[in-house]
Amino acid sequence: MNHPDFAALLPLTIVSATAVFLMIAIAIRRNHKAALTIALIGLAAALGSLALAASVLPRQVTSFFILDSYSFFYMAILLGAAVFVLLFAYDYLNCREEQPEELYLLVLLATAGAMVLVASRNFASFFLGLELLSVALYAVIAYVRTESISIEAGIKYLVLAASSSAVLLFGLALIYSESGSMELSQFTTAMTRTAGHANSFPVLAGVMLVLTGVGFKLAVVPFHLWTPDVYEGAPLPVTAFIATVSKGGMFALLLRWFHVSRGEIAGAPGLVLSILAIASMLTGNLLALRQTNVKRILAYSSIAHMGYLLVALLAGGTFGAPAATYYLTAYIVTILGAFSVMTVLSGSRWEAASLESYRGLFWQKPLLAAAFTTMLLSLAGIPLTAGFLGKFYVLTAGAAASRWVLLFTLIVSSTIGLFYYLRIVVVMYAQPTDPGTKRDAPALPISLPATMALAALTGLVFLLGIYPALFWDTIVAVTRNLG
Amino acid sequence: MILPSLILILIVGGIASWIVARRSEVVARLIAVASVLADLFVCFGIWVAYLGQSHSTPERWFVECDFAWIPQFGIRIHLAIDGLSLALLLLTYFLGIMAVLSSWTEIRERVGFFHFNLLWVLAGITGVFLAVDLFVFYLFWELMLVPMYFLIGIWGHERRIYAATKFFLFTQLSGLLILVAIITLAVLHHQSTGVFTFDFEQLLHTALSPRAARLLMLGFLVAFLVKLPAFPFHTWLPDAHTEAPTAGSVILAGLLLKTGAYGLIRFVLPLFPGPSRELAPILMTIGVIGILYGAVLAVGQTDLKRLVAYTSVSHMGFVLLGVFAGNEIALEGAVVQMISHGISTGALFILAGLLQERMHTREISAMGGLWETMPALSGAGLVFAMASLGLPGLGDFVGEFLVLLGAYRANVPLTVVATLGLLVATLYGLRFAQSAFQGPNPHHWKLPDMRLREWAVLGLMMMCLVWIGLYPQPVLNGVRPSLAAAAKCIPAGNCQEIKR
């Protein structure tokens, strides 16, 4: 560890240090606004330090971390997402009778965990990052202790995530026992082995178990069972956090170590990933059809979106990794926007989660409804929004790799998906019911920071959808050196 | 810069009328009319400048514009106009104005948002008719769906949500297929030449294996056949047309269906000449099935708008027959049919809207003897019913006649069967005219006759139909060069081959 090493680790250090500092500050005196400010300053400083530390890249720091433009790019996305989550969490918690300060602490810890995942190159750092992320999430999911549904979601997540971690750990152990190495790069070689030099059984079993653990975190079918309940039970900002930072960090790791740019993902791992992708796309979209809770709809839709991402991962080649990265960026921006509209609409005692609470929204709050429509259309992949170009890139990657089965599943399932996005849109544009009958309290006025954040997210969705040339070169550059 | 401004005028006009509608609804409507009118004049200007003086222009495109957009994939905002696009754009703006005028009293709620959507649909359609870059084409193709969805879903009739969703899902699924086909075409072009481009003119020279060409063509074909709509893919149409508000039906029948036919002529024929030739008999058969199926179902309908919707299926069958007959006469007939069907069917939907506004029903059985209370409106109805059944002297006749003439050279049995469609058309046309307007007035309707604005709308449409029916030459001259470019791809030996 020398001077540039510390510089490269600066973003991680800053986030961790902010968490410690915030903990001490809370112990001294509770103040909601101060807690938010400290957390935001920490995240902003970490974002700034990314720019500062960019000069020492790429750099391998000990055998644990690899810090290159790829990990910095993803760290920037994760930190940005965390900033938005915290901004909306402030308004959300402010009108609830809870002690809100610890949420910021836990979110910072979870963000640090996700950042470790993005930068890890070793089994140990992988597992530590994962646990840091998960343990913090157990607590934040159950944060609103007056809601029994939140507690239930927290317990559910605890049990399932802990057991999936155990499975993952066993898989890592199997691989270690066979190869004697803890390098994550073994996955890349394991994915490309052709039938001639097949993986030995322990390695293959290990890879499968690791994929199971990763699949749990990403909520791909058949490891998705926790998703709708946790999405529904967790407080809205936390749901947004799970959908963006938690899944984003895990996917970044998956993309870095399982992506194959030359040749294709061969053998059993390729088959298993294809099945996961197809099952996720179809199941996610089909199960979302009959839901009446918007949080559950978005939960199932996230399962489908992870399936689309797996298509890009499987496609590989020159386009696969950039397409996946673009899609994930677009998805994170969009889903943050969607959850922030929901947060903004929620009152002090209820969340705007049922479909009914959106009835006639367009005629009462046209701008909010327009923003939500934009997000939904982006999720559905309608042109001029980020989601469309994301889908376009994924399709291009798939076509370049001739993955026709995956592509047609994608087409069919995203048409199915359109149906439930349209259901929400229809409700928003329908005739409003009598005001005040459905809601126990009128929604609070929207605070200025929330408005600005929402405007920024909507702008980003359009920017990513209309002028991608700005980002595409960067994304291609950061993903160039993958597997 | 003329071409992007055509789209921009509509987009800005839409936003403006949305904002203004809070203050004054009339001004919002006027803004909508004015912006469509501005586009109409621009197109007239282009027509006069490029088709006025000589019959043949040396350049392929009259006006062209080309900007880089996503350089990494060679995607350019490449718009261009030729005779075919110009004729269809004139139709677009003409029907656009009619749509605004015909909803003047029908739409009273959320006027601003209505006109916003209306103008944005027109902007999307304009983009479809202008785009030469396939990516941009797809973009506009999808983009016109969203406002159309809102038009049906918010201002439609009883089962509007069902109809709007069905419409959106059908077109979206087929749209994604065409997107994959476009991307694959571009990827194949990239693999063989190393250049990534979505430009139609460059992709024309892509070397494709017969199998790849056939599969790619299927992708394009499905999207266009759904939009057209051809026989097995038509089921969204009766619902969407029936449930849409008048302006929505006019735009759906008059314009959206034409984008499908336009896509066949502009993209499918030149890009995939080989498979087009192979599949031509099948596609012509589908066209003929559509002609008969639509006409027969139209006879049985009791809902006026549904009847008109099924006649569209029948008429678009003629277009499909003409496009794949493989000679220029049939192609010209198909284009004339597209234009005159746009006007005559649009007029019938406006008429249905007028009747519904007055009688609050679309059931034909509830009408009858309307001539004695509304002679002018009934007279207009008779004219458009005659146009729809293909009476000589009105536009549809010219189109159908040319299509049959051309198709006869390609395939005699199919043409004979297709002619039966005209017979059935007489049946539904007369049945509608008779049971709605003639006879006694059993329900004792006392209704106001046409107002000045309604006179103007239907009168203008009537004049256009008569003009195309009597003197279609200007239209034919205008579209001939572009059709020649499309037909060139089908070798002349085609007809003999099929005959044998």
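Letters A, B, ... are given to chains in the order of the sequence lines, protein chains preceding strands, and every chain is numbered from 1. Source: prediction; values computed, not measured.
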Close side-chain approach of Tyr149(B) and Leu422(A), heavy atoms under 4.5 Å: yes
Residues of residues 109-131 of chain B near chain A, each having a heavy atom less than 4.5 Å away: Glu109(B), Arg110(B), Phe113(B)
For the student: nearest non-hydrogen atoms of Thr184(B) and Ala399(A), plus distance: OG1-CB, 4.1 Å
Within residues 366-395 of chain A or reaching into it, pairs that qualify as side-chain hydrogen bond (donor to acceptor under 3.5 Å, both in side chains) - sequence neighbours excluded: Thr334(A)-Ser378(A), Thr373(A)-Tyr429(A)
Chain B contact via Leu377(A) - side chain, backbone, both or neither, heavy atoms under 4.5 Å: side chain
For the student: nearest non-hydrogen atoms of Ala469(A) and Trp69(B), plus distance: CB-O, 3.9 Å
Proximity of Phe198(B) and Phe392(A) rings by center, below 6.0 Å: yes
Contact origin within Ile154(B) toward chain A - heavy atom pairs under 4.5 Å: side chain
Interface residues of residues 133-145 of chain B facing chain A - non-hydrogen atoms under 4.5 Å apart: Phe135(B), Tyr138(B), Leu139(B), Glu142(B), Leu143(B)
pair Ile70(B)-Leu389(A): side-chain heavy atoms closer than 4.5 Å: yes
Flag side-chain contact, heavy atom, 4.5 Å: Val425(A) against Phe168(B): no
Results of ring pair (Phe, Tyr, Trp, His ring centres under 6.0 Å) for Phe471(A) - residues two or more places apart only: none
Engaged part of Phe170(B) at the chain A interface, taking heavy atoms whose separation is under 4.5 Å: neither
